[in-house]
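The structure under discussion appears below in the form of structure tokens.
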2 protein chains.
Amino acid sequence: MIAARGLAGLKTRDLAREIGCANGAVYNLVTDVDELVLRVGSRTLLRLDEALSAAVSAGEPSPREALVRIAIAYCDFAAENLQLWRALFEHRMAADKPLPDWSVNDQMQLFRHIYQPLAALFPERSPEELGITARSLFSAVHGMVTLGLEQKLVAVPLPALRKEIATLVRAMIDGLIAQAA
Amino acid sequence: MIAARGLAGLKTRDLAREIGCANGAVYNLVTDVDELVLRVGSRTLLRLDEALSAAVSAGEPSPREALVRIAIAYCDFAAENLQLWRALFEHRMAADKPLPDWSVNDQMQLFRHIYQPLAALFPERSPEELGITARSLFSAVHGMVTLGLEQKLVAVPLPALRKEIATLVRAMIDGLIAQAA
DNA sequence: CACAAACCTTGAACATTGTTCAATAAATAT
DNA sequence: ATATTTATTGAACAATGTTCAAGGTTTGTG
């Protein structure tokens with residue numbers, strides 16, 4: 001239902017009707033809609049993880065091109081799973097209810113893909129530094145995808161967005177290498 | 001109320017109590033909560049615009065350093081106006097209700113700040129190309145700020161975030177210049 | 001099989017919220 | 001002073017997440 005109608009289109013009554021039970025029965029499967037959304041998010045993250053892995057599995061891309069491929073794969077995944085991907089970031093827990101551990105853990109796994117090529121490019125950096133750089137790179141690409149797929153402003157055609165992402169990822173890497181030298 | 005309790009903490013009844021009227025009277029000032037949020041967003045964008053202008057007004061920074069200053073100013077503004085800034089991006093209209101023109105117009109103004117230094121750095125690029133690059137740069141920085149200020153994952157200390165942003169903005173610019181050469 | 005304990009399902013009920021609207025009051029024009 | 005327009009009120013409505021007592025179903029045990 002999130003995939004079809006977006007996070008805001010997920011209603012417990014509709015959901016109950018669709019799976020054929022009373023609305024109250026939903027709460028036997030899940031304590032909350034919060035939990036429901038996080039469980040869906042968990043699956044989405046798993047599929048995203050696979051998509052990113054697949055992106056670098058063909059051929060032997062250089063670290064630089066591996067990072068470009070990962071970024072493009074992230075963009076493509078978001079475009080192809082727009083509502084599910086958005087749900088990952090749109091969803092907010094109530095301020096007093098923290099994220100469960102398993103959900104936090106899910107999210108951490110993503111940086112792994114970026115970390116490896118980065119480590120190859122910057123062998124002199126410490127794991128902490130690499131972690132920070134990985135998060136920065138991810139965040140930058142995430143921002144481009146987020147605003148690029150947003151219909152709110154101008155609709156960017158997907159091929160143009162992919163090209164822009166590739167350009168900027170290469171620029172970031174080249175710039176970081178130049179700074180390190 | 002958005003500033004104090006976040007977008008999700010804005011309730012028409014609380015608002016009516018606070019301004020001293022019946023809950024129905026809110027709809028004499030505004031047709032919707034949507035409109036209310038957009039009007040607040042308009043003010044926020046105006047203040048953000050001022051903050052970005054102020055960032056480059058002191059001294060005569062090079063285009064490269066102007067872009068760094070703008071990015072840092074964006075980060076600082078978001079940190080200091082966290083809830084109001086988040087409301088700009090968290091808010092979604094219903095799918096069938098498009099944004100009013102004045103609101104769309106508001107958002108376009110932001111790229112102006114980035115456009116000027118970029119034009120100085122890349123005089124051979126067309127206005128369209130510059131517009132695209134400006135949006136890419138903005139999106140990348142926006143992503144870093146968004147995920148950096150999110151408490152969801154690891155809390156990043158603000159000084160570290162500022163430093164990371166400066167590093168990556170310089171890297172992006174240097175990388176883009178190297179590509180152009 | 002008989003019985004009990006655990007579990008599941010149901011649908012009504014509740015609380016919260018955005019929104020509308022008929023009634024009423026206030027302001028303004030004539 | 002009176003009529004007309006405008007603003008305000010607070011009750012009512014609809015949508016929605018959540019709870020819960022009542023009743024049904026499954027499962028374990030002698």
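Here is the naming used below: chain letters follow the sequence lines, and residue numbers restart at 1 for every chain.
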How many Å lie between CE on A/M1 and P on D/dT16, as a whole number? 10 Å
C/dT9 P sits how many Å from A/L15 CG, rounded? 14 Å
From CG (A/L52) to CD (A/E50), nearest 0.5 Å: 10.0 Å
Which nucleotide, C/dC8, D/dA7, D/dA12, lies nearest any side-chain atom of A/N28? C/dC8
May I ask you to evaluate whether B/T12 reaches the phosphate of C/dT17, defined as a side-chain N or O under 4.0 Å from OP1 or OP2? no
Let me know, please, whether A/A25 or A/A8 comes out on the 5' side of the other along DNA chain D by nearest nucleotide. A/A8
D/dT9 P sits how many Å from B/R17 CZ, rounded? 14 Å
Counting the atoms with a prime plus P, OP1 and OP2 as sugar-phosphate, which does B/D32 contact under 4.0 Å by heavy atoms, base, sugar-phosphate, or nothing? sugar-phosphate
Spacing of A/N23 atom CG relative to D/dA15 atom C1', expressed in whole Å: 13 Å
Picking from D/dG10, C/dG18, D/dT19, which would you name as closest to the side chain of A/Y27? D/dT19
Ring pair (Phe, Tyr, Trp, His ring centres under 6.0 Å) assessment of A/Y74 paired with A/H113: CA-CA 11 Å; A/Y74 185 73; A/H113 294 278; over 10 Å; no
Do side-chain atoms of A/S57 reach the backbone of A/A54 as a donor and acceptor pair under 3.5 angstrom? yes
Once you round to the nearest 0.5 Å, how far does OG1 of B/T44 lie from CD of B/Q83? 11.5 Å
Under 30°, 30 to 60°, or over 60°: which ring-plane class applies to B/H142 and B/F89, parallel, tilted or perpendicular? tilted
Just the rounded figure in Å: distance from P of D/dG17 to NE2 of A/H91. 13 Å
For B/L29, report the nucleic acid contact type (base, sugar-phosphate, nothing); a contact means any heavy atom under 4.0 Å. nothing
Rounded to the nearest Å, what distance is computed from the CZ atom of residue A/R13 to the P atom of nucleotide C/dA12? 11 Å
Measure CG/A/D34 against C1'/D/dT16 and give the value in whole Å, please. 14 Å
What is the separation between atom NZ on B/K11 and atom C1' on C/dT19, rounded to the nearest whole Å? 16 Å
